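So the structure is just underneath, and the comments pick up after that.
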Amino acid sequence: MRVIFLGAPGVGKGTQAQRLAVQEAIPQVSTGAILREAVQQGTPLGREAQRFMDAGQLVPDEVVIGIVREKLTSPDCARGYLLDGFPRTVVQAEAFDQMLKDTGSPGIEHVISFEVPAPELVRRLSGRRQCPTCQTIYHVDSAPPTRAGQCDRCGSALVLRTDDAPETVAVRRQVYEEQTRPLVEYYQKRGLLRRVDAAASIEQVYERLLAVACAVRPS
Ligand code: AP5
């Protein structure tokens, strides 16, 4: 399976990606997670990315294109992959198309666009908690950990993402509308876009996702 997840900040891409990647045994390539790890480790990439991420802005195209190129040419992506958060601009989408051509790789099968009304996005982001070690995503109401503030999988203390502050969320949503939403049309024109109504429970959205992914998978 080779899929791209598209959708506004907080729509639930990461939550669904973590489940689908395990079920399909394919790597989840999350540019946000890769960048957050680099920030945490204080690498040169992390130092460069942090000021953009803290401001709710996109990291420059050439930086994320380089990250994805390196990931997709690694052996663990040979069976397929799930791109969560990339591409995010038309420049990135065109570079990705070129990357596939250059490497003779098979094309993307599905671009899944998750859709949720704006007030629910705010509710989801304001209650999000995340494990800084294994990246598992929680929500104080809709996906709480068994013990408050502690990751069920690895026991680490859960954190709030710095870019989930309300003023940064507002910038991220605007950036999404201006720079990422045009990709819906980009992939619609190529016949790859599948819309998933994500205004439902995590379980229901996952069932909808599977129905869409299975329906378009070539036999
Ligand atoms: P990134 O980490 O990709 O953030 P994002 O796209 O803004 O998306 P989020 O991670 O905020 O939300 P999500 O849709 O994954 O929702 P989640 O599953 O967590 O990027 C962060 C930053 O990195 C960017 O701002 C940018 O600076 C940089 N970056 C990354 N990629 C880049 C790129 N390609 N180019 C340039 N810069 C890049 O769910 C949210 C909450 O809702 C959770 O609490 C969850 O438990 C809950 N939830 C999920 N589903 C449901 C449901 N169905 N019902 C109820 N609650 C739910």
Side-chain angles (χ1 to χ4, degrees), residues 4-21 28-40 45-46 48-69 71 82-93 95-96 112-117 119-132 135-145 151-152 158-165 168-181 183 196-209:
I4 290 173
F5 278 10
L6 268 186
V11 77
K13 302 180 297 295
T15 301
Q16 299 298 330
Q18 288 181 347
R19 296 184 70 159
L20 188 63
Q28 172 194 359
V29 180
S30 162
T31 41
I34 293 166
L35 292 166
R36 274 187 293 281
E37 195 183 339
V39 170
Q40 223 177 358
L45 167 65
E48 184 183 357
Q50 185 165 20
R51 63 196 170 99
F52 295 100
M53 298 173 79
D54 285 351
Q57 299 290 344
L58 296 182
V59 172
D61 286 330
E62 61 275 16
V63 174
V64 282
I65 290 166
I67 292 173
V68 171
R69 183 178 291 118
K71 279 276 167 197
L82 191 167
L83 285 174
D84 165 18
F86 178 94
R88 239 1 193 252
T89 63
V90 171
V91 170
Q92 291 179 22
F96 178 61
I112 315 275
S113 173
F114 293 94
E115 294 169 9
V116 160
E120 173 64 6
L121 294 176
V122 172
R123 194 198 70 80
R124 289 186 186 182
L125 287 180
S126 60
R128 172 162 58 188
R129 300 291 182 273
Q130 191 150 9
C131 176
Q135 308 296 330
T136 303
I137 300 164
Y138 298 90
H139 188 279
V140 289
D141 299 319
S142 44
C151 180
D152 291 346
L158 303 181
V159 295
L160 278 86
R161 271 174 46 178
T162 50
D163 61 350
D164 279 349
T168 315
V169 166
V171 176
R172 287 164 61 204
R173 286 183 50 198
Q174 192 183 345
V175 166
Y176 174 80
E177 292 302 327
E178 291 171 3
Q179 301 192 50
T180 308
R181 195 179 282 286
L183 293 182
V196 169
D197 175 3
S201 71
I202 292 173
E203 199 56 48
Q204 284 169 323
V205 176
Y206 191 60
E207 281 169 21
R208 291 173 189 179
L209 166 63

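As the structure lists them, so they are numbered: ligands from 1, and atoms in each ligand from 1. The shown structure was predicted, so the numbers you read here are calculated from the model rather than taken from an experiment.
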Would you say ligand 1 has an N or O under 3.5 Å from any N or O of [X]?
{"X": "A200", "value": "yes"}
{"X": "G85", "value": "yes"}
{"X": "D84", "value": "no"}
{"X": "Q57", "value": "yes"}
{"X": "G7", "value": "no"}
{"X": "K13", "value": "yes"}
{"X": "A33", "value": "no"}
{"X": "D164", "value": "no"}
{"X": "V59", "value": "yes"}
{"X": "D163", "value": "no"}

With backbone taken as N, CA, C and O and side chain as the heavy atoms from C-beta onward, which portion of [X] lies under 4.0 Å from ligand 1: side chain, backbone, both, or neither?
{"X": "T15", "value": "both"}
{"X": "P9", "value": "both"}
{"X": "R123", "value": "side chain"}
{"X": "Y176", "value": "neither"}

Seminar exercise, completed: Judged by heavy atoms only, the candidate from E203, Q16, Q204, R172 nearest atom 11 (O) of ligand 1 is R172
For this session: Look at atom 38 (C) of ligand 1 and find which of V11, L35, T136 reaches it with the closest heavy atom.
Result: L35
Among protein heavy atoms, which sits nearest to [atom], and what does the distance come to when rounded to 0.1 Å?
{"atom": "atom 31 (N) of ligand 1", "answer": "T31 OG1, 2.7 Å"}
{"atom": "atom 33 (C) of ligand 1", "answer": "R88 CG, 3.5 Å"}
{"atom": "atom 22 (C) of ligand 1", "answer": "M53 CE, 4.0 Å"}
{"atom": "atom 40 (C) of ligand 1", "answer": "G10 O, 3.7 Å"}
{"atom": "atom 48 (N) of ligand 1", "answer": "R124 CD, 4.0 Å"}
{"atom": "atom 35 (N) of ligand 1", "answer": "Q92 NE2, 2.9 Å"}

Main-chain N/O of [Y] paired to [X] side chain as donor or acceptor, under 3.5 Å:
{"X": "E120", "Y": "P117", "answer": "no"}
{"X": "Q130", "Y": "Q135", "answer": "yes"}
{"X": "T31", "Y": "G85", "answer": "yes"}
{"X": "R172", "Y": "D163", "answer": "yes"}
{"X": "K13", "Y": "A8", "answer": "yes"}

Exercise. Does R161 reach ligand 1, in the sense of a heavy atom lying below 4.0 Å from it?
Worked result: yes
